[in-house]
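The structure presented is a predicted model; accordingly, all values stated were derived computationally and were not measured.
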Amino acid sequence: MPSIRQSYTVTVPEEPPASVFPFIKPDLRRKSPSMSRSMLVSTFVGLLINQAKNSKHAQGLVGLRNLGNTCFMNSILQCLSNTHDLRDYCLRNTHRVDLNNNCRAKVALMEEFAKLTQTLWTSASNEAISPSDFKMQIQKYAPRFVGYNQQDAQEFLRFLLDGLHNEVNRVTVKSKAPGEDFDHLSDDEKSKRMWNKYLESEDSKVVDLFVGQLKSTLTCSECGYCSTVFDPFWDLSIPITKTSGEVSLMDCLRLFTKEDVLDGNERPTCHRCKARRKCTKKFTIQKLPKILVLHLKRFSECRVRTGKLSTFVNFPLKDLDLREFASNNCVNTVYNLYAVSNHTGTSLGGHYTAYCRSPCTGEWYTYNDSRVSPMSSSQVRSSDAYVLFYESAVSSRM
């Protein structure tokens, strides 16, 4: 974390209303002089989770109505609803502490997302709910989602996380100081300084969970000069190895991190040669996030999609070890899968669903808009898998 943090004002969250925790008796909702507000909220959340474990209809198993080609949105919302730490952030109303006090008119997206998450986890019935209020706010933040056109789930995820982050960013006044020169530092020190520099302007619960750091190494083929750049990432878009059969996620990650040759029009300018030179470029992961989002690149990158790869990518449900792709000082490299956003159909049209592992029961469920049904873990892998959500095994609830 940066040593210098901008000052800001926070608002203590209100006591959770009865409508949010309907199963708690009225006398428990009254404040006790001997119990702090944070202890009271923690008690509510504990009771909520215990009720979810013991209920015949476990909480969080509620569908979302399709408002007209909004399956892409519903799929991602269910994946995020089953992201344990993000879910608790909303259930405890902790997000209200982080809401940017300088932009009070622009906090509706986070509020609606939190309200929707609370409804999914406190609903007294399994009847599907409408995300219409949330849709209205995401449309205001990102007008590209206005209307009823089919959209890309991964693009929606990026816009949504960006919007949530902006509204709960702990930094309210961003520094306008010129960029520093870190080239004289060792790679480890350089990565730390660049990460801290990033946090001086972008620091939120969303960043705490989803953002990692990627190391890009560029080596001049003429003089051997090596330059490194460290950039934050919110997800990793992983190419799928071309084959007519099955491929493994590890094979795709090796393709993502393999050394590429930059020549011809792609030749960069060498810092030492002061001229455009043939270079090699390689990615490694410098800092792994708590929540690792892997986007399988099934669609072509051109604006008008011409095809979709339906290759079966075999990915692990447990113990995905990324040590091979991480920098030497990277720790906690093992991950467990907890959610998948799936796309069935072609590049011209299709349908999104989600497979999610309940953070309460550890069981897997299919989320298909309004319908939620149990499934076997053996069914999670399919050629429809599009966005994979992994959590660090250190904090995994498996």
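Under the 3.5 Å distance criterion, with hydrogens and angles disregarded, no donor-acceptor pair is assigned to the side chains of T353 and S75. A donor-acceptor pair shorter than 3.5 Å can be found between the side chains of S191 and Q286. No donor-acceptor contact under 3.5 angstrom links the side chains of S392 and N332, judged on distance only. For the residue pair S248 and N314, no side-chain donor N or O sits within less than 3.5 Å of a side-chain acceptor on the partner. Side chain to side chain, S376 and W364 fail the donor-acceptor criterion of an N or O pair below 3.5 Å. Side chains of Y198 and D203: no donor on one and acceptor on the other come within 3.5 Å. The closest side-chain donor-acceptor pair between H271 and S227, if any, does not fall under 3.5 angstrom.
In this structure, CG in L86 is found 8.0 Å from CG in L161, a value given to the nearest 0.5 Å. Between L157 atom CG and L80 atom CG the span is 6.0 Å, to the nearest 0.5 Å. Between the CG atom of L262 and the SG atom of C279 there is a distance of 6.5 Å, given to the nearest 0.5 Å. Atom CZ of F389 sits about 11.5 Å away from atom CD of Q78, to the nearest 0.5 Å. Distance OG1/T241 to CG/L249: 10.0 Å, rounded to 0.5 Å. Annotation: the span from Q139 atom CD to M73 atom CE amounts to 8.5 Å, rounded to 0.5 Å.
F312 and V340 fall into different hydrophobic clusters, where Ile, Leu, Val, Met, Phe, Trp and Tyr residues are linked whenever their side-chain heavy atoms come under 4.5 Å apart, directly or through other members. Connection of W195 to F182 is not established within any shared hydrophobic cluster, with ILVMFWY side chains joined at heavy-atom distances below 4.5 Å, either directly or through further cluster members. Transitive grouping of hydrophobic side chains (ILVMFWY, heavy atoms separated by less than 4.5 Å) brings L64 and L160 into a common cluster. Linking ILVMFWY residues whenever their side-chain heavy atoms come closer than 4.5 Å, directly or via other members, places F315 and M250 in the same cluster. The hydrophobic clustering, which links ILVMFWY residues whose side-chain heavy atoms are closer than 4.5 Å, places V334 and L253 apart.
Salt bridge R144/E155: present, at least one basic N to carboxylate O contact under 4.0 Å. Salt-bridge annotation for K174 and E202: present, with a side-chain N of the basic residue lying under 4.0 Å from a carboxylate O of the acidic one. Between K205 and D98 there is no salt bridge, since no side-chain nitrogen of the basic residue lies less than 4.0 Å from a carboxylate oxygen of the acidic one. Checked for salt-bridge contact, K140 and E112 miss the test: no charged N lies under 4.0 Å from a carboxylate O.
Here the shortest heavy-atom pairing between K308 and S347 reads CB-N, 4.2 Å. Between P359 and R87, the shortest heavy-atom contact is CG-NH1, 3.9 Å. The heavy-atom pair separating V171 from S201 by the smallest distance is CB-O, 3.9 Å. Closest non-hydrogen pair, T333 versus A326, comes out as CG2-CB, 4.4 Å.
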Please report the C-alpha distance between D235 and R158 in whole Å, then the side-chain angles of each, then the deciding distance to 0.1 Å, and finally whether the salt bridge (charged side-chain N to carboxylate O under 4.0 Å, His left out) criterion is met. CA-CA 8 Å; D235 62 14; R158 283 192 171 185; 2.6 Å; yes
Could you walk me through whether V207 and W234 pass the side-chain contact (heavy atoms from CB on, under 4.5 Å) test, one step at a time? CA-CA 8 Å; V207 170; W234 293 66; 4.1 Å; yes
Intermediate values then yes/no, side-chain contact (heavy atoms from CB on, under 4.5 Å), S81 and W121: CA-CA 8 Å; S81 171; W121 283 91; 2.8 Å; yes
Check the pair V247, I240 against side-chain contact (heavy atoms from CB on, under 4.5 Å), reporting the backbone distance first and the verdict last. CA-CA 8 Å; V247 300; I240 299 175; 4.2 Å; yes
Where do E111 and R96 land on the salt bridge (charged side-chain N to carboxylate O under 4.0 Å, His left out) test, with the steps shown first? CA-CA 8 Å; E111 286 283 29; R96 291 185 178 172; 3.8 Å; yes
Under the criterion salt bridge (charged side-chain N to carboxylate O under 4.0 Å, His left out), I'd like the reasoning laid out for D260 against K282: C-alpha separation, chi angles, the key distance, then a yes or no. CA-CA 6 Å; D260 284 333; K282 182 174 176 61; over 6 Å; no
Audit row: R254, D251, salt bridge (charged side-chain N to carboxylate O under 4.0 Å, His left out) steps and yes/no: CA-CA 5 Å; R254 290 185 185 108; D251 290 334; 3.2 Å; yes
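Residue H351 is tested with N66, N342, N368, N69 for a side chain to side chain donor-acceptor pair (under 3.5 Å); the sole match is N368. Of the candidates Y386, F145, Y352, F145 is the only one forming a ring-ring contact (aromatic ring centres under 6.0 Å, His included) with F156.
Atom NZ of K190 has more than 12 neighbouring heavy atoms from other residues, nucleotides or ligands inside a 6.0 Å radius. The local environment of CD in E127 is sparse, with at most 12 non-hydrogen atoms from other residues, nucleotides or ligands closer than 6.0 Å.
Side-chain N or O atoms of R298 include one that pairs as donor or acceptor with a backbone N or O of A385 at under 3.5 Å. Between the side chain of E167 and the backbone N or O of M110, at least one donor-acceptor pair lies under 3.5 Å. Listed for the Q150 side chain is a donor-acceptor partner under 3.5 Å among the backbone atoms of G350. Side chain of R357 to backbone of L337: a donor-acceptor contact under 3.5 angstrom is found. For the pair Q151 (side chain) and F72 (backbone), a donor-acceptor distance under 3.5 Å is absent. Between the side chain of T219 and the backbone N or O of C226, no donor-acceptor pair lies under 3.5 Å. A donor-acceptor distance shorter than 3.5 angstrom exists from the side chain of T117 to the backbone of F113, with no hydrogens or angles considered. R276 places a side-chain N or O within donor-acceptor distance of the main-chain N or O of R267, the cut-off being under 3.5 Å. Distance alone, capped at 3.5 Å, places no donor-acceptor pair between the Q213 side chain and the K192 backbone. Proximity of a side-chain donor or acceptor of S327 to a complementary backbone N or O of C330 within less than 3.5 Å is not detected.
With contacts defined as side-chain heavy-atom distances shorter than 4.5 Å, the pair E391/D85 does not qualify. Residues P289 and F233 meet the side-chain proximity criterion, which asks for heavy atoms closer than 4.5 Å. Counting heavy atoms from C-beta on, the side chains of L288 and L322 come closer than 4.5 Å. Side chains of M375 and V380 form a contact here, defined as non-hydrogen atoms less than 4.5 Å apart. Within the 4.5 Å cutoff, the side chain of V372 has no heavy atoms near those of the N126 side chain. In this structure, the side chains of L109 and L164 come closer than 4.5 Å at one or more pairs of heavy atoms. A 4.5 Å side-chain heavy-atom check between H295 and I238 finds every atom pair outside the cut-off. D369 is not listed as a side-chain neighbour of R65, based on a closest heavy-atom distance of 4.5 Å or more.
The aromatic ring centres of H84 and Y338 sit 6.0 Å or more apart. The ring of F283 has its center closer than 6.0 angstrom to the ring center of F256.
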